[in-house]
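Letters go in sequence order (proteins before strands), and every chain restarts at 1.
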Number of protein chains: 2
Amino acid sequence: MSVRILIVDDHPLVLEGLKSLLADVESVQVVGTASNAIDAIAFLKSNEVDIAFLDINLPDISGIDLCKKVKDQFPDVKTLALSTFNERAYVSRMIQNGASGYLIKSSGKEDILEAIAQVQAGGYFMNVQFDQVTPATAPKTVPFLTRREKEVLVLIAEGLTNPQIAEQLFISVTTVNSHRQNLLIKFEVSNTASLIKLAAGLGLI
Amino acid sequence: MSVRILIVDDHPLVLEGLKSLLADVESVQVVGTASNAIDAIAFLKSNEVDIAFLDINLPDISGIDLCKKVKDQFPDVKTLALSTFNERAYVSRMIQNGASGYLIKSSGKEDILEAIAQVQAGGYFMNVQFDQVTPATAPKTVPFLTRREKEVLVLIAEGLTNPQIAEQLFISVTTVNSHRQNLLIKFEVSNTASLIKLAAGLGLI
DNA sequence: CTAAAAATCATGCTTTTAGAGGATTGTTCG
DNA sequence: CGAACAATCCTCTAAAAGCATGATTTTTAG
């Protein structure tokens, strides 16, 4: 029996590309596509799927969160992350959320088929080229950020100062500062410039 | 006669996707693909092409620079920028370098065909949703930076403070500060965080 | 339930940025 | 040549960020 695949990506090009690449492969069958998380979950509710390809960047919720949802609601469905970025960071996040692997979109046909085979067999697959990541500034792992820290981070990136952020979130300036300090510590940097550069590189903002 | 298309993108998926989407369209013919700038230039030297689709992010040089090269060496070839990002900033950069338009990769088939028709007729096409761009922080045009300003910008992004930058460049702290102020003014932002976010978004750092 | 983690707030201090307002040397280009 | 621009330097002030230390409350997860 062929492996049943669901592709979740908001880019028609990627959907088409993957479908096209997998169309003439006997052992694989693309049974559905979705361009957002809601459709993806809906599809899984009424269809049998072996492997779900999840884009990291989706319009509604991030692929990382979707991965968690899928593994919670459909433990038997294996998930494979899809992304244009080859950041070491994403791997650990996705694996933490139960993904069976990680595939960069610049992968060739062989990589993709290899990934499907590997994952279907119960293994892991990841073809990220770690070497390309700037070793000096890249943190070992992606720091796990709390809800509040993420909020503060995006507001910092938008150019708000601590007092402005405090006003926006209805909290005290010292609290904002605490979150800010924690961000610096978690990202292992010593100032805002490095923080934003890293966060931007990771697609967090 | 059908429109001859060259697609330049380092993602096999995008190449496949576009080819697949355009395969059954009579009026369009994908005559070649390239996954980097060098191959793209080489192809153009020995083939007739009407429109070149250029990815913003290429392994060797950026699509923005490639666009300039193409327009310099092959003025008759019309170029269309391709990117996953819908940043207002890219548009002006590409248009400044002679692009006839801008297409986000999340575009549907209709958009793509519309873009080809529009560009082939000598017009412009851009389907970027400006609304999604934060209007407060996005500059109208990409500021032109001087050599020194660029140097200071990357050092700021690396997390150095003004005194450290001064030491590195063998200039006074006040000079560094001047450059920094000019950067803020040119990017129309009021602090480092916004500056780095913008610069990162533009691929400057 | 309970322990850990997160979110909240405070005080005090030092360093860095942001901003205003110049001024001087070059270089480049019409 | 002269205007424009780049790069360099200066002073001064206020605001913001960075750093340390510690404490309370709420939430989360085993």
Looking at [N], I'd like to know if its phosphate oxygens (OP1 or OP2) sit under 4.0 Å from a side-chain N or O belonging to [X].
{"X": "B:Ser172", "N": "D:dT8", "value": "no"}
{"X": "B:Thr174", "N": "D:dC10", "value": "yes"}
{"X": "A:Thr146", "N": "C:dA6", "value": "no"}
{"X": "B:His179", "N": "D:dA6", "value": "no"}
{"X": "A:Asn162", "N": "D:dA16", "value": "no"}
{"X": "B:Arg180", "N": "C:dT17", "value": "yes"}
{"X": "B:Arg147", "N": "D:dA6", "value": "no"}

The side chain of B:Asn191 is closest to which nucleotide in this list: C:dA18, C:dA6, D:dA17?
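Closest nucleotide among those given: C:dA18.
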Apply the test salt bridge (Lys or Arg N to Asp or Glu O under 4.0 Å) to residues B:Glu149 and B:Arg180: give CA-CA distance (whole Å), side-chain angles for both, the deciding distance (0.1 Å), then the verdict.
CA-CA 7 Å; B:Glu149 284 164 357; B:Arg180 194 179 196 125; over 6 Å; no
Find the distance [X]:[atom1] to [N]:[atom2] and express it as a whole number of Å.
{"X": "B:Asn182", "N": "C:dA20", "atom1": "CG", "atom2": "C1'", "answer": "13 Å"}
{"X": "B:Leu195", "N": "D:dA17", "atom1": "CG", "atom2": "P", "answer": "14 Å"}
{"X": "B:Gln181", "N": "C:dA20", "atom1": "CD", "atom2": "P", "answer": "9 Å"}
{"X": "A:Arg148", "N": "D:dT28", "atom1": "CZ", "atom2": "P", "answer": "13 Å"}
{"X": "A:Glu188", "N": "D:dG18", "atom1": "CD", "atom2": "P", "answer": "16 Å"}
{"X": "B:Lys150", "N": "D:dA6", "atom1": "NZ", "atom2": "P", "answer": "12 Å"}
{"X": "A:Gln164", "N": "D:dA16", "atom1": "CD", "atom2": "C1'", "answer": "11 Å"}
{"X": "B:Leu160", "N": "C:dT15", "atom1": "CG", "atom2": "P", "answer": "18 Å"}

With heavy atoms under 4.0 Å as the rule, sort A:Ser178 into base, sugar-phosphate or nothing.
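Base, at least one base atom sits under 4.0 Å.
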Under 4.0 angstrom, heavy atoms only, what part of the nucleic acid is A:Thr161 near: base, sugar-phosphate, or nothing?
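Sugar-phosphate contact only.
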Between A:Asn177 and B:Phe170, name the one whose nearest nucleotide on DNA chain D is closer to the 5' end.
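Mapping each residue to its closest nucleotide by heavy atoms, the 5'-most match is B:Phe170.
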Intermediate values then yes/no, side-chain hydrogen bond (donor to acceptor under 3.5 Å, both in side chains), B:Thr174 and B:Asn177
CA-CA 5 Å; B:Thr174 59; B:Asn177 200 47; over 6 Å; no
Can you spot which of B:Ile116, B:Val31, B:Val119 makes a side-chain contact (heavy atoms from CB on, under 4.5 Å) with B:Val3?
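Considering B:Ile116, B:Val31, B:Val119, a side-chain contact (heavy atoms from CB on, under 4.5 Å) with B:Val3 is found only for B:Ile116.
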To check you understand the geometry: which heavy-atom pair defines the closest contact between B:Ser194 and A:Gly159, and what is its length?
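So the minimum-distance heavy-atom pair works out to OG-CA, 2.8 Å.
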